[in-house]
2 protein chains.
Amino acid sequence: MSQNKEFKRGSGTKSKILNVARNLFSLYGYKGASVRKIAAEVGIRESAIYNHYKNKEEIFLEVAREIFSSPFSLSSDEIKELALRGKPFLHKFTMQYKMLTFDKKNENMFRLLMIELMQNKELREQFMSEFHDKNIKTLSEGFFTMMQSNLIRSSDPMMVAYEFISTLFYIRLQITILKFDSNSTNHLATQFEKHVDFFWESIKL
Amino acid sequence: MSQNKEFKRGSGTKSKILNVARNLFSLYGYKGASVRKIAAEVGIRESAIYNHYKNKEEIFLEVAREIFSSPFSLSSDEIKELALRGKPFLHKFTMQYKMLTFDKKNENMFRLLMIELMQNKELREQFMSEFHDKNIKTLSEGFFTMMQSNLIRSSDPMMVAYEFISTLFYIRLQITILKFDSNSTNHLATQFEKHVDFFWESIKL
DNA sequence: GTCTATATTTGGATAGAC
DNA sequence: GTCTATCCAAATATAGAC
């Protein structure tokens, strides 16, 4: 097929715009990243941008969609199997969370999320459903299984999940802030693992 | 009772500017709150603003200073006394945190903090020292005392403090988001108390 | 201290030539 | 598809009259 389609990460101008925009939005937010700066960094004139996107908003929306496209989710079967072994479930979940925290692209997207969270209602709603509810659901399924198997003390699985995820989020936020200013995250590097240890000691029977 | 102009410290136009600016900054962030809008809401022309403040930045800095002026801090004696009783220490600390979460002015300042956190290096540093370190210090003092008194299981007090504060922060963030969109916070209203209960069960001996 | 008027810059967006 | 040229709006800020 000689018709050359655009590759996802291809070298077409459009995807170049997207890459630059993603970077600038995650650094300066929606208002701070001007179409001018984007065009300049892409290496074209502002007007040329509008051959690829209707307007600035459209570029942002395409970038924003990636924020919640995080790859990780465990199948219901995986959850059950791991949960039956107790702590390994928490460990696996946490290590996936840690990976996202240190992954360059996800790091940028997380920063963008934090920047725009209080400015964009849709992002707030997605934060609640995609970031929070989804994780609570996965975790509480695991905790429920553990309670049934008498691996952990009995209580409300959702509540336990809430307690668990909140600390992961806080660690991620701190690491993101420190890395943004190129500060050392050494003292937080093992915080995820420590959290799993502490938490498991807190709930195990 | 005829003088009804001034509610708080200082008065006249300057403090009115500050009040309006605080409100607009906390709604729209630094970039989103224009001098124009501030002047309009105050009821004067833009140019008149500059008789009171050198520039926009100066207004923002005065507002931003309030973010970390949260009233609550326990004296070292209070901490020790409360910590010797165990759970009441956690309860008191948490209730103060909850009060700040639902206090209108602190709610606005917290939103502003979240908006500007990723855009302002100084705010990030203050967040780390004032929001995080200060709380960790207070809490770990309490946990240390509890460990010495064999009220709770022995481990790193700073680590325990980290686990405790992270959930408080997450609850606060969620409530702030929900309230911003005028959504119900009913299901989170007692989350603070539940956290204390859960956590105490996790560490008590 | 506030106003009007204005300077200056920045940013989003379009028209039309190539 | 990209460029030049241009428009328009909004924003920060200053000068000088009252």
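A, B, ... follow the sequence lines: proteins, then strands. Residue 1 opens every chain.
Put simply, CD1 on A:I38 is 11 Å from C1' on C:dG12, counting in whole angstrom units. Rounded to an integer number of Å, the gap from B:K56 NZ to D:dA11 P is 8 Å. A straight line from CG of B:N55 to C1' of D:dA11 spans 14 Å, rounded to a whole angstrom. A:Y50 has its OH atom 17 Å from the C1' atom of C:dG16, to the nearest Å. We find that CD1 of A:I44 is positioned 17 Å from C1' of C:dC18, with the value rounded to whole Å. Separating the CZ atom of B:F25 from the P atom of D:dA11 is a distance of 13 Å, rounded to the nearest angstrom. The nearest whole Å value for the distance from the CZ atom in B:R45 to the P atom in D:dA11 is 16 Å. For B:I49 and D:dA11, the CD1 to P distance is 13 Å, given to the nearest whole Å.
Interatomic distance, NZ of A:K54 versus CD1 of A:I49, reported as 14.5 Å (0.5 Å rounding).
Residues B:A21 and B:I38 come closest through the heavy atom pair CB-CD1, 4.0 Å. When all heavy atoms are compared, the tightest approach of A:Y53 to A:L18 is OH-CD1, 3.7 Å.
Distances shown here put every side-chain N or O of A:R36 at or beyond 4.0 Å from the OP1 or OP2 atom of C:dT10.
A cation-pi arrangement, defined by a distance under 6.0 Å to the six-membered ring centre and an angle within 45 degrees of its axis, is absent between B:K134 and B:F68.
The 5' end of DNA chain D is approached more closely, in terms of each residue's nearest nucleotide, by A:A48 than by the other of A:A48 and A:K31. Both A:K54 and A:G32 lie near DNA chain C, and the one whose nearest nucleotide falls closer to the 5' end is A:G32.
For C:dT4, the base has a donor-acceptor partner in the side chain of B:S47 [N/O atoms by modelled type, under 3.5 angstrom].
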